[in-house]
Structures are given as structure tokens and as C-alpha cells.
Amino acid sequence: MQQVQTKKLNNLSFYNLIAVALGILVGIICKKTGNASFGIEQIKPIGQALVNLMSGLTVPLVFFSIIETIASLKGVKQHKKMLGRAAAYFLGTTVMACIIGIVVALIFKHLNLFKEIVIYSKTLVEDSKQIAFMQSLTNIIPADLVDAVLKENVVMILIFSLLIGFSISAAGKAGEMFNQLIVSLNFVIKKMVSIVVKITPISVFAMCAWLVSEFGYKRMGQLKWLLVAVLIGYVLHIVITFGFALKFFAKIPVLNFFKKIFPVIAFAMTSTSSIASIPVAEEVSHSLGTRDTVTSLVIPSGSVVNMDGTAVYLTICAIFFATGSGVSLSIWQMILMTFTVILAVFGTAGVPGAGFIMLSMVMGALKLDVNLIMLIYIVDKIFDIGRTCLNVTGDMVASVCIEQWCREAEKQN
Ligand code: ASP
């Protein structure tokens, strides 16, 4: 059974890889032939529709699977331990992401590569006010009901499902019928997910073609050093933090792990939403041998509180703007920044562009001009692609590490 599922997901990795390559190719053709609008108006809606379909499944999936998981755990001690492990892992890797971000940014600062921002800061502030308002407007007004639930109530969904799960377990015999209903609903939702997951390559293709036709590569020019710094930060976090966790905590081959999680990375990269990626992430997590209880707790909660890519991005950008404004952050300010980043990351769900909004919170805490963030608004999508990939990878690494810790704890008992 496990083997069949793994084979299916290997095929999915392959199809997603082809989808990325084809999407980039079509995007380049659209851009070079002056047909970027075709990519934006005709191809993007196809991808967006499929991402919406996946997002629509996320809420019931998270809701029912957490209830089922909690209700099925026998002793309070057992799930307390698992939640404790997950919290420790999430906090540890977020702090690591901040440290890596600070080190990379300071190196770039000392190499004098973070200077250019001062040149455009004054002229763009006026424009930025307009975009900031429009940006906040689109973030405040949700596109549809499911979107509203996804964007505004994910934390509430987690809390409610935990509460219902605990209550079923406490109700004993009287809660059995309700529990059976939840188990059955959860089963049906999971079947729906496995059907929808099969068509993710189409959405990956369409979203890739759109991203390349709309954003191309030219816009990266002006802010190249910031982009390079953030990219280096992402890579270092993958190699150092994830590499270490996979080798020493999860004890699984690193390359094989990345090959297997490619469908999640491809979907996250193109949807730029950790929350929308939950259904794909749960499917892949199972194929990595992670039990149901771990998957259904770690993946949804990770998509809300575990955002290593966002943490790397926030610290590097904050130091970039401080340097550009002529401010040299003291060690205390960097500690304050790390705390703010942890709070921002824990308090915001994984939806497109969330990290950009969090940046204003970090800038505010450091008393920097919040308007400056608009300087990177036009390239934020590129940052978002990277940080979402890292965020979901972090959740996948967390699930295999926690699975391994559970196995070791079981052996000892
Ligand atoms: N888009 C990211 C995610 O969904 C959050 C962010 O913007 O940093 O994980």
C-alpha cells in the first residue's frame, strides 16, 4: 500500500517537474513575443481556479483531521508530548532562520552592498502610500467565503478543532456516534484530496507560465543584492538547518527526501500559500512514512506558525532597510527584531503576501520608516515564491523529525 502510494507520488514529482519547465518556457515565449497579457489573462485563471479548489478543501481537511486525531489519542500525556515537540521544533528553527538572516545581512552590509536604497527612498514614498492602501484593502476584503475562512480564521479553526477533539475524547461513550461521523467525513475529504492532488501539475504549469509572463526577470535588477542576500539566506537555511534536522533528528537520506517532497514544493512555489498547500503536503507526508496523528497535527499547525522562509526574509529585509536609512542596529535591537519576527511569524497564517505585511510590523518595532517597504513591493512575489517553498519544506522536515522522535519514545517505553 505504502509502496503504491510512494510510486504515485514519484510520478507526481516527475509530472510537476515537467509542468514547471513547460510553464517557464510558455511564460518566456509570452513575454518575448509581447503576449504577456495572454499569460496573465488567459493562463493564470486556470491555475488560480485549481489553487482555489485546493484551498477549498483545506479547511474541512484541517478541521476534521485534527478533531479525529485528538479524539483518537488516548492519554493527555501522549499528545501533550507531541505538541511540545512540535512547538520546540518550530521555535528552534525559526530562531535559526533569524540567526542565518542576520549573519547574511551583516556580511552584505559590511561588503557595502546594501547602500542603494537611499537613492530611491524619497521619491517613492508618495506612491507607496497609495499602494499600501490598495494592498491592505485587498487583504481586508476576502474574495469568497472559503477565502475568508482561510485568511482570517485559521487560528480559530485550529483552536476549535482541538477543543472538539478533546471534548469527544472526554465524552467517552456518549461521543462515539459523533466521532464515527467525523471519521467518515474525514475519510471522504481525504479521498477528494487524493483526486485533486492528481491535477496539481496543471495548476503548477499555469501559475509558472503566468509568473514568468507577468514578472519576468528584469524587475530584479534594481534590488539585485537584496534578492541575492535573501536567496543565499534561503539556501543556507536549507543546507544548515534542514540538512542537520534531516540527518540527525529524522535520520533519513536528505536527497531522497527532497525528491519526494517536490510536488509540495512545486505547488507551494506557484500558489505562494502554505495553507493552500496543506492537502498536498499531507499526502506527501504520509508517503514519507509519517503516521496520521503526526501529519494531521504538524502540517496544519506548521502552516500557521512555522515559517522559516518568512523569518529569513524579514530579518534580511529589516537590516537592508536599516542600513539604507543610515541606521546601524545594536545587538539589543537585533534581539528585539528576532522577538518581533517570532511573534509576527507565529501570529500570521501562510497566505500569499503575508510576509510583506509582517515586514511593516518588524520595521515599526525597529522604528524605521514603514513606507520604505514599498520599494520592494514590485518584486515581493519573487521573495514570496522562495519563502513559501521554505515554509512548506520546514513543515515537511518537522513532520519527519517528530515522527522519528515518536518512534524513539515508543521504543524506550
Ligand atoms: N506566502 C507565505 C506562505 O504562505 C507567507 C509569506 O508571505 O511569507 O507561507
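Read the numbers this way: they start at 1 and go in the same order the structure lists the ligands and their atoms. These numbers come from the heavy atoms of this one structure, side chains and all, not from hydrogens, waters or symmetry mates. Position 1 is the first residue of the sequence, and the numbers go up from there.
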Practice item. Would you mind running through ligand 1 and noting each atom that sits below 4.0 Å from a heavy atom of G353? Key: 7 (O)
Revision key, fill the gap. By side-chain contact (heavy atoms from CB on, under 4.5 Å), L255 pairs with (sequence neighbours left out) none
Check your understanding: For ligand 1, which atoms, with element, lie under 4.0 Å from some heavy atom of S274?
Key -> 3 (C), 4 (O), 9 (O)
Review point. For ligand 1, which part of N391 has a heavy atom less than 4.0 Å away: the side chain, the backbone, both, or neither?
Key: side chain
Study note, to complete from the structure: Residues passing the ring pair (Phe, Tyr, Trp, His ring centres under 6.0 Å) test with F242, sequence neighbours excluded, are H237
Practice item. Answer with yes or no whether the side chains of K109 and S328 bring together a donor and an acceptor at under 3.5 Å. Key: yes
Exercise for review: Return yes or no for this condition: an N or O of I275 is under 3.5 Å from an N or O of ligand 1.
Suggested key: no
Practice item. Would you confirm whether the ring centroid of W405 sits within less than 6.0 angstrom of the ring centroid of F249? Key: yes
Check your understanding: Between G355 and ligand 1, is there a nitrogen or oxygen pair with a distance under 3.5 Å?
Key -> yes
Check your understanding: Would you say T290's side chain and E403's backbone share a donor-acceptor pair under 3.5 angstrom?
Key -> no
